[in-house]
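Just so it is clear: chains get the letters A, B, ... in the order the sequence lines come, proteins before strands, and each one is counted from 1. Values reported hereafter were calculated over all heavy atoms of this structure, with side chains retained and with hydrogens, waters and symmetry mates removed.
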Amino acid sequence: MLWGMIPFWHQGDFKKHGLSTNNCRLEHMMNSKLFKGPFARGQRCVVVCEGFYEWQTTKSAKPSERPAFYIYMPQKEGLQMHNKSTWQFDLEKDNEKMEPKVKLLKLAGLFDVWVDEKGDKIYSYSIITFESSKVMSWLHHRMPAVLETDEEVAQWIDYKKYSNEEAMKVLKPVAKLGWHKVSKLVNNSRQRSKDCNKPFKESSKGKITSFLAIRKRKEEQIKKDLPMSDDEIDEDFFDEYKPKRRRFSDSDQE
DNA sequence: CCAGACGTTGTT
DNA sequence: GTCTGG
DNA sequence: CCAGACGTTGTT
DNA sequence: GTCTGG
């Protein structure tokens, strides 16, 4: 499904729709021309994800200088969201269920189905947001609706069993979240590096300053599939990983 | 009635 | 400065 | 939100 | 599709 709900009545290329419908303000949902229909029809969905990024809005900082954070569900001691090798199955306890130890975020959303000229269905969704509780207000004034229990998930997604009114009751601020600061690597939305969610520390203490030394270390760690430690992450290093400039339109290619 | 919007993030 | 793509 | 584009002449 | 502004 695409992030950014495309209403079924949308005219023209769905790709031109943009991300303006990526979120649905809960305060507006019931009287919104865009969202009231999908909600009334029970088009509720759950967006399962490892985490999301948010920039801290500080009045002094320029937009590009705003600190970026990775946000996720609180995890057990020792489990690192940025290091999948710590997500292993607990074979003794969960052998039958085969559930990973990692807790994923489950965000409440609304979806719609758009049909193109060929009759192909395009599914897309919006994530519901509301004013931040103190869990997130230190970082940002809006936060997504997080579903915490299986019961809440069922109540949101099972539109046959639960009324719209009952579903609304699960939309409340999450009790607790996990988070850590990340580098500016994530500022470019075209970036696809797995390093986007690695912890970042600004302390220059023990920082490796030579780019070649950092790259060598990095290559070794990739080979061994080891995580980067905080002190080894350097913003200058990440500059090298920035994506290439895009081409213009196809007609400009020789 | 018809035309045009339908939304959010953010900012001051 | 302002708009688009992600 | 942030990053990056923002354009025309002409040619094959 | 449905609502608002003119």
Side-chain angles (χ1 to χ4, degrees), chain A residues 1-43 45 47 49-71 107-116 121-132 136-146 171 179 181-197 200 235-236 238-254:
Chain A
M1 294 175 79
L2 291 175
W3 187 23
M5 196 181 79
I6 298 145
F8 72 94
W9 41 258
H10 177 76
Q11 300 292 311
D13 188 354
F14 75 89
K15 287 172 189 165
K16 303 226 164 172
H17 187 265
L19 281 180
S20 62
T21 57
N22 57 351
N23 295 138
C24 166
R25 286 184 156 243
L26 182 59
E27 307 92 305
H28 299 163
M29 187 172 76
M30 301 306 275
N31 53 16
S32 158
K33 283 173 233 167
L34 186 58
F35 295 120
K36 68 191 285 188
F39 179 72
R41 293 190 291 272
Q43 294 172 9
C45 64
V47 182
C49 59
E50 295 172 14
F52 63 89
Y53 298 99
E54 193 58 85
W55 286 265
Q56 191 169 29
T57 40
T58 52
K59 38 190 168 175
S60 51
K62 284 187 289 179
S64 60
E65 300 299 323
R66 283 176 196 148
F69 291 81
Y70 188 46
I71 314 292
L107 308 178
L110 296 174
F111 73 92
D112 210 346
V113 188
W114 186 83
V115 183
D116 70 14
K121 291 175 179 174
I122 308 295
Y123 289 82
S124 58
Y125 63 90
S126 297
I127 290 167
I128 294 170
T129 66
F130 38 65
E131 194 70 22
S132 285
M136 256 193 78
S137 56
W138 58 273
L139 173 62
H140 197 72
H141 76 108
R142 305 291 298 173
M143 70 188 292
V146 178
L171 304 178
W179 56 269
K181 194 173 184 293
V182 294
S183 81
K184 286 197 293 181
L185 183 67
V186 75
N187 284 15
N188 189 331
S189 59
R190 289 187 172 86
Q191 184 58 257
R192 290 293 176 267
S193 168
K194 284 169 182 164
D195 290 334
C196 283
N197 66 6
F200 173 76
E235 295 208 39
D236 296 333
F238 285 117
D239 286 344
E240 193 70 6
Y241 278 73
K242 280 187 179 166
K244 297 280 191 289
R245 192 173 184 271
R246 269 197 321 143
R247 279 176 182 276
F248 287 133
S249 66
D250 290 345
S251 58
D252 286 320
Q253 294 180 27
E254 299 296 339

*Determine: side-chain N/O of A:R66 to OP1/OP2 of B:dT11, distance under 4.0 Å, yes or no.*
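Yes, A:R66 has a side-chain N/O under 4.0 Å of OP1/OP2 on B:dT11.
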*Report yes if a side-chain nitrogen or oxygen of A:N187 is closer than 4.0 Å to either non-bridging phosphate oxygen (OP1 or OP2) of D:dA3; otherwise report no.*
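Answer is yes, contact under 4.0 Å.
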*Heavy-atom closest pair, residues A:M136 and A:P144*: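 Nearest pair, atom of A:M136 first, then A:P144: SD-CD, 4.3 Å.
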Interface polar pairs with nucleotides 7-9 of chain B, N/O, under 3.5 angstrom:
residue : atom : partner : partner atom : Å
B:dG7   : OP1  : A:S32   : OG           : 2.2
B:dG7   : OP1  : A:K33   : N            : 3.2
B:dG7   : OP1  : A:L34   : N            : 3.2
B:dG7   : N2   : A:S20   : OG           : 2.9
B:dG7   : N3   : A:S20   : OG           : 3.1
B:dT8   : OP1  : A:R25   : N            : 2.8
B:dT8   : OP2  : A:H28   : ND1          : 3.2
B:dT9   : OP1  : A:T129  : OG1          : 3.0
B:dT9   : OP1  : A:R142  : NE           : 3.0
B:dT9   : OP2  : A:R25   : NE           : 2.3
B:dT9   : OP2  : A:R25   : NH2          : 2.6
B:dT9   : O3'  : A:H140  : NE2          : 2.9

*asked:* Just so I know, are the side chains of A:T57 and A:H141 near enough to count as touching, which here means a heavy-atom distance under 4.5 Å?
replied: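 No, too far: nothing below the 4.5 Å cut-off.
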*Within-4.5 Å side-chain heavy-atom neighbours: A:M5 and A:F35*: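 Side-chain contact under 4.5 Å: yes.
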For the pair made of [atom1] in [X] and [atom2] in [N], what is the distance, rounded to whole Å?
| X | N | atom1 | atom2 | answer |
| --- | --- | --- | --- | --- |
| A:E65 | D:dC1 | CD | C1' | 15 Å |
| A:W3 | C:dG6 | CH2 | P | 14 Å |
| A:F39 | B:dC6 | CZ | C1' | 19 Å |
| A:I6 | B:dC6 | CD1 | P | 17 Å |
| A:W9 | B:dG4 | CH2 | C1' | 11 Å |
| A:W114 | E:dG1 | CH2 | P | 15 Å |
| A:K184 | D:dC1 | NZ | C1' | 15 Å |
| A:D13 | C:dG5 | CG | P | 10 Å |

What's [X] touching, base or sugar-phosphate or nothing? Going by heavy atoms closer than 4.0 Å.
| X | result |
| --- | --- |
| A:S126 | nothing |
| A:F8 | sugar-phosphate |
| A:R192 | sugar-phosphate |

*Can you run through DNA chain C from 5' to 3' and write each base as (, ), [, ], | or . depending on how it pairs? Watson-Crick or G-U wobble, both distances under 3.5 Å.*
||||||
For [N] and [M], measure between their [atom1] atoms and round to the nearest Å.
| N | M | atom1 | value |
| --- | --- | --- | --- |
| C:dC3 | B:dT9 | C1' | 15 Å |
| B:dT8 | D:dC2 | C1' | 15 Å |
| D:dC1 | B:dG7 | C1' | 14 Å |
| C:dG1 | D:dT11 | C1' | 33 Å |

*Are A:W138 and A:F69 close enough that their ring centres sit under 6.0 Å apart?*
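Between A:W138 and A:F69, the centre distance is under 6.0 Å.
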*Please check if the distance between the ring centroids of A:F14 and A:W114 is under 6.0 Å.*
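Judged by ring-centre distance (under 6.0 Å), A:F14 and A:W114 do meet the cut-off.
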*Are the side chain of A:S126 and the backbone of A:N23 linked by a donor-acceptor contact shorter than 3.5 Å?*
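Checked: no pair found.
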*Tell me which nucleotide among D:dC1, C:dG5, E:dC3 gets nearest to the side chain of A:K36.*
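Taking heavy atoms from C-beta onward, the closest nucleotide is E:dC3.
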Measuring from [X]:[atom1] to [Y]:[atom2], what's the distance to the nearest 0.5 Å?
| X | Y | atom1 | atom2 | value |
| --- | --- | --- | --- | --- |
| A:M1 | A:D112 | CE | CG | 9.0 Å |
| A:L26 | A:I128 | CG | CD1 | 6.5 Å |
| A:S189 | A:L19 | OG | CG | 8.5 Å |

*So, are A:R142 and A:E27 salt-bridged, with charged N and O less than 4.0 Å apart?*
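Looking at A:E27 together with A:R142, the answer is yes, because their closest N to O distance falls below 4.0 Å.
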